[in-house]
2 protein chains.
Amino acid sequence: MTKPRSRRGGGRPTIADVARKAGVGAITVSRALREPERVSEELRRQILAAVDELGYVPDPNARALASARAEVFGVLVPSLTNNVFAEVVRGIYDSLSDGPFRVQLGNTHYSGLEEERLLQVFGSQRPAALIVAGIDQTPTSRKLLENAGCPVVQVMETGPDPVDMMVGFSHLDGGRTATEHLIEMGYRRIGFIGARMDPRSQRRLAGYRVAMEKAGLLDPRLITTTPVLSSVSLGRELFRDALAKMPTLDGVFCNNDDIALGVLFECHRASIDVPKTIGIVGFNDLDMMQVAFPSITSIRTHRYEIGRRAVAMALAAIGGNRPEQRVVDLGFELKQRESTGRWSI
Amino acid sequence: MTKPRSRRGGGRPTIADVARKAGVGAITVSRALREPERVSEELRRQILAAVDELGYVPDPNARALASARAEVFGVLVPSLTNNVFAEVVRGIYDSLSDGPFRVQLGNTHYSGLEEERLLQVFGSQRPAALIVAGIDQTPTSRKLLENAGCPVVQVMETGPDPVDMMVGFSHLDGGRTATEHLIEMGYRRIGFIGARMDPRSQRRLAGYRVAMEKAGLLDPRLITTTPVLSSVSLGRELFRDALAKMPTLDGVFCNNDDIALGVLFECHRASIDVPKTIGIVGFNDLDMMQVAFPSITSIRTHRYEIGRRAVAMALAAIGGNRPEQRVVDLGFELKQRESTGRWSI
DNA sequence: ATGGCGAATGGTAGCGCTACCAATGGCGGC
DNA sequence: GCCGCCATTGGTAGCGCTACCATTCGCCAT
């Protein structure tokens with residue numbers, strides 16, 4: 001004594017409707033959709049025709065419940081507006097858009113606690129894979145990732161102890177390379193300016209320290225940082241602070257390109273010659289760096305590619321052939337531009 | 001003859017485990033979690049204790065399947081890296097982070113077809129609400145939105161014919177205000193420079209046309225556009241094109257701030273005085289506009305607030321009290337800065 | 001002829017949760 | 001004292017799909 005039709009559902013067609021229309025069993029429809037090669041060509045055609053005619057779209061919730069596995073990639077980033085993470089996320093979306101997988105995006109706001117909460121929530125969905133930014137998870141988060149029961153990719157950085165897989169590059173090397181470049185170009189009193197000192201920024205600073213130490217140039221008064229969120233205007237302010245503290249400054253390595261741009265604008269405003277009086281290096285190499293006047297030297301990082309590669313590795317792992325190389329270092333490139341051309345311009 | 005324990009699930013606790021531990025029925029646990037006021041205080045306490053002890057997290061898929069309603073907000077934007085949409089999305093996430101709702105984000109890449117596809121996919125999940133950017137949906141998309149069976153909020157723009165609700169502002173008025181400002185400040189041969197001419201950019205251009213027409217200054221050769229994706233470097237190139245086409249140009253209204261920044265940098269490079277020789281107005285008022293040298297006049301738009309408001313309206317509608325004002329115009333502000341101070345600097 | 005094997009298809013029994021109704025018990029009104 | 005009502009709580013029956021076993025059939029080896 002079944003009711004006329006689905007009691008609660010909005011009357012949308014179900015797999016049973018398709019099966020009836022195509023004159024097959026429901027399970028065959030299910031197979032035709034998920035593993036077409038396991039169904040004879042003729043039935044497959046009939047089924048797809050019925051799907052089309054009814055406008056059937058599988059219910060992902062029912063699917064997830066029945067198979068104990070949701071076709072969802074959980075993605076955790078610390079910021080949605082920071083261009084760097086936006087690019088990573090774009091890479092992830094672009095790589096996933098033509099497959100069956102959805103993306104579940106979470107914003108941790110650079111908070112370990114928030115990350116734990118989101119991992120808890122994401123875990124409850126039994127995602128197909130997890131992609132998380134950074135390698136400095138709290139012990140609790142790390143445990144959650146290890147017990148997630150799905151491939152995990154840590155992105156943005158590489159490190160010695162992956163939960164599962166990693167795609168990124170060494171921020172320490174990036175910071176060192178940037179600083180060494182300034183030294184090579186003849187700058188001596190080189191400052192570090194950094195906002196929102198997250199672990200990656202800390203490692204860039206560490207790279208700066210290594211290079212300065214090696215050259216015998218390190219002076220703690222050269223370092224200006226703040227935990228405040230990064231922005232162009234903050235770059236300007238920090239640069240003024242740095243100059244006030246150390247008027248003989250002749251170069252700055254900036255935490256990121258926003259800060260570098262703020263420094264450049266302040267130099268314009270204060271009629272400080274770039275690159276003669278001050279050399280500037282940014283980090284990430286946003287599009288605007290090569291357009292700025294003078295154009296700004298920066299460390300180009302491969303954000304979009306990190307997103308793509310993370311998905312590729314996760315998909316491989318889901319498909320059963322876990323890549324042998326579990327930690328992928330995509331490196332970076334020093335893009336030398338006018339802002340550090342002390343002698344050549 | 002039931003099997004020892006959940007056959008497929010990874011052994012995570014279910015609502016039945018909690019019910020057993022608390023000595024109540026499963027349905028009571030369900031209620032204690034969703035409508036606590038309907039369960040006596042004592043039982044509620046016992047149940048929450050059991051939940052805590054077992055580390056129970058409800059399975060959103062099972063929930064969605066049983067209630068025919070997923071606790072998901074579907075969000076469609078044309079770009080993930082464009083700061084404007086990133087801000088809207090951030091507002092949405094921030095407003096939703098402490099409730100039960102998840103966000104399902106889709107990137108349409110400015111494609112109507114992609115939008116249709118994503119709406120199809122999103123619809124299959126029976127979301128709690130849909131938030132879509134723009135008001136120019138294809139007929140198919142519009143139909144999908146109308147039949148979604150949930151609150152729908154169109155964001156970024158306002159218009160006469162909402163599918164359901166709207167939050168945004170008038171891009172035409174914004175374009176007109178920006179152009180009128182240039183005219184008032186004494187500029188006459190004012191160009192329009194625009195990249196990726198999506199419907200909103202088109203309307204800003206229309207606003208420019210209205211203002212120029214009214215002042216008797218309109219000349220089609222003043223308009224330079226391209227369908228290419230916007231960027232700072234593109235702004236520089238388009239400005240060079242515009243100047244080549246019309247060397248007597250004395251002002252530009254830019255489609256957006258990236259373009260404006262590109263124009264500013266090219267002016268620096270070509271030693272064109274801003275604002276004396278050329279006045280510049282941007283659109284959106286990103287942080288860097290007020291830091292640039294000279295600082296750049298722009299139309300400040302309230303992106304973050306649009307995201308927040310859209311969620312607030314959707315939540316109200318879900319809660320049963322649909323706001324009486326279905327179209328909310330959040331307006332914009334002209335931020336006058338140095339880049340248009342022809343006589344005053 | 002018989003058995004066995006693989007390919008194709010189907011039936012059944014859930015996945016974990018909630019809608020719907022039923023049941024229980026306390027209490028005030030008549 | 002009986003009825004009805006409200007406040008609580010529970011049982012049952014799915015939601016739409018897929019995992020896990022059949023089952024069927026053709027075909028080849030023995």
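Chain letters run A, B, ... following the sequence lines, proteins first and then strands; every chain starts at 1.
For C:dG16, the base has no donor-acceptor partner in the side chain of B:Arg12 [N/O atoms by modelled type, under 3.5 angstrom].
Protein atom CZ of B:Arg20 is 14 Å distant from nucleotide atom P of D:dG10, rounded to whole Å.
Proximity note for A:Pro58 (side chain, C-beta onward) versus D:dC17, D:dT9, D:dA19: the nearest is D:dC17. You'll find that the side chain of A:Ala66 is closest to D:dG16, out of D:dG14, C:dT9, D:dG16. Ranking D:dA19, C:dT9, C:dA19 by closeness to the B:Ser67 side chain, first place goes to C:dA19. Here the side chain of B:Arg63 is nearest to one of C:dA19, C:dC17, D:dC20, namely C:dC17. Which of C:dG11, C:dT18, D:dG16 sits closest to the side chain of A:Ile27 comes down to C:dG11. Nearest to the side chain of A:Thr28, among C:dG16, D:dC17, C:dG10, sits C:dG10.
Applying the salt bridge (Lys or Arg N to Asp or Glu O under 4.0 Å) test to residues at least two apart or on different chains, the pairs with a partner in residues 133-142 of chain A are A:Asp136-A:Arg203, A:Arg142-A:Glu146, A:Arg142-A:Asp161. Under the ring-ring contact (aromatic ring centres under 6.0 Å, His included) criterion, no residue pair touches residues 30-70 of chain A, with sequence neighbours excluded. Screening residues 57-103 of chain A for ring-ring contact (aromatic ring centres under 6.0 Å, His included) gives A:Phe73-A:Phe101 as the qualifying pairs, with residues at least two apart or on separate chains. The stretch residues 107-144 of chain B participates, sequence neighbours left out, in no ring-ring contact (aromatic ring centres under 6.0 Å, His included) pair at all.
For A:Thr108, there are no side chain to side chain donor-acceptor pair (under 3.5 Å) partners, not counting sequence neighbours.
Within the model, atoms CZ of A:Arg117 and CG of A:Leu144 stand 13.0 Å from one another, a figure rounded to the nearest 0.5 Å.
Taking only side-chain nitrogens and oxygens, A:Ser30 comes nearer than 4.0 Å to OP1 or OP2 of D:dT18.
For the segment residues 39-48 of chain B, the set of residues with a heavy atom within less than 4.0 Å of an atom of DNA chain C is empty.
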